Undergrad: 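Before we start, here is the structure in question, set down as C-alpha cells.
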Amino acid sequence: MSDEEMEDYGFEYSDEEQQEEDVDIENAYYNSKGLLESEDPKEAIDGFNQVVSMEPDKGEWGFKALKQLVKVYYKAKKYPKMMEAYKKMLSYIESAVTKNASEKKINSLLDFMGQAQDVEVLQDFYETTLAALEQAKNERLLFKTNLKLAMLWFKKQEFGRLARSLKELRKSCQNPDGTDDVKKGSQLLEVYALEIQMYTEQRNNKKLKELYQQALAVKSAIPHPRILGIIRECGGKMHMHDQLWSEAATDFFEAFKSYDEAGVPRRVQCLKYVVLASMLMESKVDPFDAQEARPYKQDPEITAMTSLVEAYQADDINVFERTLRTNKRTIMDDPFIAYYVDDLLRKIRTQVLLKLIKPYTRVRIPFISKKLNVPEADVESLLVTLILDGRVQGHIDQVNQLLEVGGRNEGQAKYTALDKWASQLQSIHNATMNRLV
C-alpha cells in the first residue's frame with residue numbers, strides 16, 4: 001500500500017470519533033476515486049467537486065479531492081480547469097491542512113507533473129506553486145520547486161532566466177554572511193550540477209572549471225549518485241575540450257559508475273565516452289576490463305564501440321572506418337562523439353603511419369596514401385606535424401613525393417622555419433586587418 005493510500009485511509013486522523021457528516025464526505029471521496037477507472041472521467045470530476053462543496057469549511061477531504069481533480073484535468077488535457085483546481089487546492093495549505101500533509105501532496109503533484117511535455121503548462125504550474133509556497137514559507141518545498149523551474153529553463157535553453165533562478169537557489173543554500181551553509185551541502189550540489197550543465201552547454205570552460213572544482217570540494221553532503229554523475233560527466237567534457245584525455249577518461253568512468261548506481265540509462269552513453277577518451281589517450285588497456293564495465297560489453301548500444309576499440313588496438317584502419325560507417329546511429333548520431341571522430345581518425349592514422357614507415361629509409365607518399373585511405377595532401381600534412389613534433393626523423397621531398405627517413409635536424413629545421421614563417425605572415429595579416437577596421 002502506497003503512502004498516498006495510507007493517508008487516504010485515514011492514518012493521520014486522531015482517535016476522536018468522526019461526525020456523521022465527515023463520514024458522508026469521506027464516502028463521497030472514495031466513491032469518486034473508484035470512478036477514476038472508468039473511460040469517462042465526468043462522473044469522477046462531478047464527485048470530487050461535490051466533496052469540495054460538502055465541507056462547510058476548508059478541510060482535508062476537500063484538499064485531497066482537489067488534488068485528484070488536478071490529475072484528472074491534466075490527463076484530460078483541460079489545463080485551464082487543472083490550474084483553477086490547483087490554485088484552489090493551494091489556498092488550503094495555510095490553515096486547512098497540516099504542513100506535513102500539504103508538503104506530501106504538493107511534492108507528489110510536482111513529481112506527477114514532471115511527465116508533462118507542454119513546457120508552458122509546466123511553467124505556469126511551477127510559478128503558481130512558488131507564489132503559494134513563498135506565502136506559506138515552506139523553504140524545503142520552495143527549493144525543490146525552484147529547482148524544477150530552473151530545469152525547465154535549461155530544457156528551453158533560456159539561459160538568462162536560468163541564471164536568475166540559479167542565483168536564487170544559490171542564495172537559499174547560503175548563510176546570512178554569504179558563506180555556504182554546510183547543512184545544505186546536498187542541495188548545493190544539485191545547484192552546482194545544473195549550473196555546470198548550463199556552462200557545458202554554453203561552452204564556457206572558464207566558469208566550468210571554477211564550478212567543477214567548487215563542486216568537488218563540497219564534503220558536507222551525501223548527494224544522490226545521479227547528481228555526482230552529472231558533475232563528473234560535465235567534468236569529463238571539460239577535460240576533453242582541453243585535450244586532457246586521461247583526466248577525461250577518469251571523470252567519464254566515475255560518471256558511469258554513479259549513473260550505474262542510480263540506475264540511470266545515461267550510464268551507457270558515459271561508457272561510450274570512456275571508450276572515446278581511452279582511444280584518444282592512446283591507451284592499450286581495454287576499458288571493458290574494468291569489473292563495472294564488463295557486463296555492458298555485449299550491450300547493443302556498446303558493441304559498436306567495442307569493435308572500434310578492437311580495430312584501434314589492432315591498428316586496422318579499414319575495420320575502424322567501416323565500423324564508423326555502419327554504426328552511424330550508435331556512434332555518429334551523438335554530437336559529442338562525432339565532434340572527436342576526426343581526432344580519433346588522426347590518431348589511428350598516425351599509429352598506422354608510424355608502423356608503416358618504420359622499416360624504410362625512403363617511402364613514397366602515394367603508397368602511404370593508399371594504405372591510410374586518405375588523399376596525398378592529408379598524408380603530407382600529417383607527416384609535417386609528426387616531423388615538427390619530433391615523432392618522425394626525416395624530411396619530405398615534394399618534387400618526387402617521397403618521405404626520406406633520417407636527417408632529422410635538416411627536416412625538422414626546415415619545417416620549424418616554415419612554421420615560424422607562417423606564424424609571422426599571420427601576425428602581419430592580423431595587424432593589417434586591424435588597421436583597416
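Source: prediction; values computed, not measured.
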Undergrad: Supply the atom-to-atom distance Leu130 CG to Asn146 CG, rounded to the nearest 0.5 angstrom.
TA: 4.5 Å
Undergrad: Looking at Leu216, is its backbone amide N or carbonyl O close enough to the side chain of Lys219 to form a donor-acceptor pair, meaning the two atoms are under 3.5 Å apart?
TA: yes
Undergrad: Applying salt bridge (Lys or Arg N to Asp or Glu O under 4.0 Å), name anything that partners Lys371, two or more places apart in sequence or on another chain.
TA: none
Undergrad: If you measure from CD1 on Ile231 to CD on Gln197, what distance do you get to the nearest 0.5 Å?
TA: 9.5 Å
Undergrad: Minimum heavy-atom separation for Thr330 and Pro300, please, with both atom names.
TA: CG2-O, 4.4 Å
Undergrad: Please collect all ring-ring contact (aromatic ring centres under 6.0 Å, His included) contacts where either partner lies in residues 300-330, sequence neighbours excluded, each pair once.
TA: none
Undergrad: Classify the side-chain pair Tyr79/Asp118 by whether it contains a donor and acceptor separated by less than 3.5 Å.
TA: no
Undergrad: Compare every heavy atom of Thr128 with every heavy atom of Tyr86, then report the nearest pair and how far apart it is.
TA: CD2-CG2, 4.3 Å
Undergrad: With sequence neighbours left out, what residues match Asp316 under side chain to side chain donor-acceptor pair (under 3.5 Å)?
TA: none
Undergrad: Kindly write out the residues that satisfy side chain to side chain donor-acceptor pair (under 3.5 Å) with Glu282, not counting sequence neighbours, or none if the list is empty.
TA: Lys347
Undergrad: Backbone N or O of Leu402 within a donor-acceptor pair of the Asn400 side chain at under 3.5 Å?
TA: no
Undergrad: Should the pair Lys144-Glu103 be classified as a salt bridge under the 4.0 Å nitrogen-to-oxygen rule?
TA: no
Undergrad: Using 4.0 Å as the upper bound for N to carboxylate O, is an ion pair formed by Glu84 and Lys88?
TA: no
Undergrad: Testing Arg266, Arg267, Lys257, Lys272 for salt bridge (Lys or Arg N to Asp or Glu O under 4.0 Å) with Glu233, which one passes?
TA: Arg266
Undergrad: Between Val392, Leu383, Leu345, Leu386, which is the residue that forms a side chain to side chain contact (heavy atoms under 4.5 Å, CB included) with Thr350?
TA: Leu386
Undergrad: Is there a donor-acceptor pair closer than 3.5 Å between any side-chain N or O of Lys328 and the backbone N or O of Asp333?
TA: no
Undergrad: Taking ring pair (Phe, Tyr, Trp, His ring centres under 6.0 Å) as the test, write out the residues that go with Tyr259, two or more places apart.
TA: none
Undergrad: Has the side chain of Ser283 got a donor or acceptor atom that lies under 3.5 Å from a matching backbone atom of Met279?
TA: no
Undergrad: Provide the closest heavy-atom pair for Pro287 versus Ala293 in the form atom of the first, atom of the second, distance.
TA: O-CB, 3.8 Å
Undergrad: So does Arg329 pair up with Glu301, basic N to acidic O under 4.0 Å?
TA: yes
Undergrad: Quick test of your reading of the model: are Arg226 and Glu261 salt-bridged, counting only N-O distances below 4.0 Å?
TA: no
Undergrad: With Lys209, which residues qualify under salt bridge (Lys or Arg N to Asp or Glu O under 4.0 Å), at least two apart?
TA: Asp242
Undergrad: Would you mind telling me which of Tyr340, Phe256, Trp245, Phe336 makes a ring pair (Phe, Tyr, Trp, His ring centres under 6.0 Å) with Tyr273?
TA: Phe336
Undergrad: Is there a donor-acceptor contact under 3.5 Å from the side chain of Thr200 to the main chain of Ile196?
TA: yes
Undergrad: Could you give the distance from NZ (Lys148) to OH (Tyr126), rounded to the nearest 0.5 Å?
TA: 5.0 Å
Undergrad: Looking at residues at least two apart in the chain, or sitting in another chain, which of them share a ring pair (Phe, Tyr, Trp, His ring centres under 6.0 Å) with Phe159?
TA: none
Undergrad: State whether a side-chain donor-acceptor pair under 3.5 Å links Asn373 with Asn318.
TA: yes
Undergrad: Checking the side chain of Thr306 only, and the main-chain atoms of Thr303 only, is there a donor and an acceptor separated by less than 3.5 Å?
TA: yes
Undergrad: How many angstroms lie between atom CG of Leu152 and atom CD of Glu127, to the nearest 0.5 angstrom?
TA: 8.5 Å
Undergrad: Assess whether atom CG of Leu425 is packed by more than 12 heavy atoms of other residues, nucleotides or ligands within 6.0 Å.
TA: yes
Undergrad: Give the intermediate values and the outcome of side-chain contact (heavy atoms from CB on, under 4.5 Å) for residues Leu403 and Arg362.
TA: CA-CA 6 Å; Leu403 167 68; Arg362 302 175 80 199; over 6 Å; no
Undergrad: Answer yes or no: is there an ion pair linking Lys207 with Glu210, defined by an N-O contact shorter than 4.0 Å?
TA: yes
Undergrad: Side chains of Asn175 and Thr179: donor-acceptor distance under 3.5 Å anywhere?
TA: yes
Undergrad: For Asp124, give me all partners under salt bridge (Lys or Arg N to Asp or Glu O under 4.0 Å), at least two apart in sequence or on another chain.
TA: none
Undergrad: Crowded around Lys171 NZ? As in, over 12 foreign heavy atoms under 6.0 Å?
TA: no
Undergrad: Quick check: closest heavy atoms across Lys67 and Met89, and the distance to 0.1 Å?
TA: CA-SD, 3.8 Å
Undergrad: Whether Lys105 engages the ring of Phe63 as a cation-pi pair (distance to the six-membered ring centre under 6.0 angstrom, angle to the ring normal within 45°) should be assessed.
TA: no
Undergrad: Working to the nearest 0.5 Å, report the span between NZ of Lys156 and CG of Leu122.
TA: 9.5 Å
Undergrad: Would you say Glu380 and Gln398 are linked by a side-chain donor-acceptor pair, where the criterion is simply a distance under 3.5 Å?
TA: yes
Undergrad: For Phe125 and Leu109: C-alpha separation, side-chain torsions, deciding distance, then whether side-chain contact (heavy atoms from CB on, under 4.5 Å) applies.
TA: CA-CA 10 Å; Phe125 189 87; Leu109 278 179; 4.1 Å; yes
Undergrad: Quick check against the 3.5 Å criterion: does Ser108 have a side-chain atom that pairs as donor or acceptor with the backbone of Lys104?
TA: no
Undergrad: Please determine whether a side-chain nitrogen of the Lys or Arg among Arg391 and Asp389 lies less than 4.0 Å from a carboxylate oxygen of the Asp or Glu.
TA: no
Undergrad: For Lys370, enumerate each residue passing the salt bridge (Lys or Arg N to Asp or Glu O under 4.0 Å) test, keeping only those at least two apart in sequence or located in another chain.
TA: none
Undergrad: Of the non-hydrogen atoms in Asp251 and Arg232, which two are nearest, and what is the gap between them?
TA: OD1-NH1, 2.6 Å
Undergrad: Under the ring-ring contact (aromatic ring centres under 6.0 Å, His included) rule, what pairs show up with a residue in residues 178-221, not counting sequence neighbours?
TA: Tyr212-His239
Undergrad: I'd like to know if Glu60 and Lys64 make a salt bridge, using a cut-off of under 4.0 Å between side-chain N and carboxylate O.
TA: yes
Undergrad: Kindly write out the residues that satisfy side chain to side chain donor-acceptor pair (under 3.5 Å) with Asp286, not counting sequence neighbours, or none if the list is empty.
TA: none
Undergrad: I need the minimum non-hydrogen distance between Cys234 and Leu208, along with the two atoms involved.
TA: O-CD2, 4.2 Å
Undergrad: Taking atom types as modelled and ignoring hydrogens, do the side chains of Arg346 and Thr385 form a donor-acceptor contact shorter than 3.5 angstrom?
TA: yes
Undergrad: Could you tell me whether the side chain of Gln393 and the main chain of Gly390 form a donor-acceptor pair under 3.5 Å?
TA: no
Undergrad: Only counting residues at least two apart or in another chain, list the ones meeting side-chain contact (heavy atoms from CB on, under 4.5 Å) with Lys355.
TA: Asp315
Undergrad: In Å, rounded to the nearest 0.5 Å, how long is the span from CG of Leu142 to CZ of Arg140?
TA: 12.5 Å
Undergrad: Between Glu195 and Lys167, does the salt bridge (charged side-chain N to carboxylate O under 4.0 Å, His left out) criterion hold? Intermediate values first, please.
TA: CA-CA 10 Å; Glu195 199 166 358; Lys167 188 176 180 181; over 6 Å; no
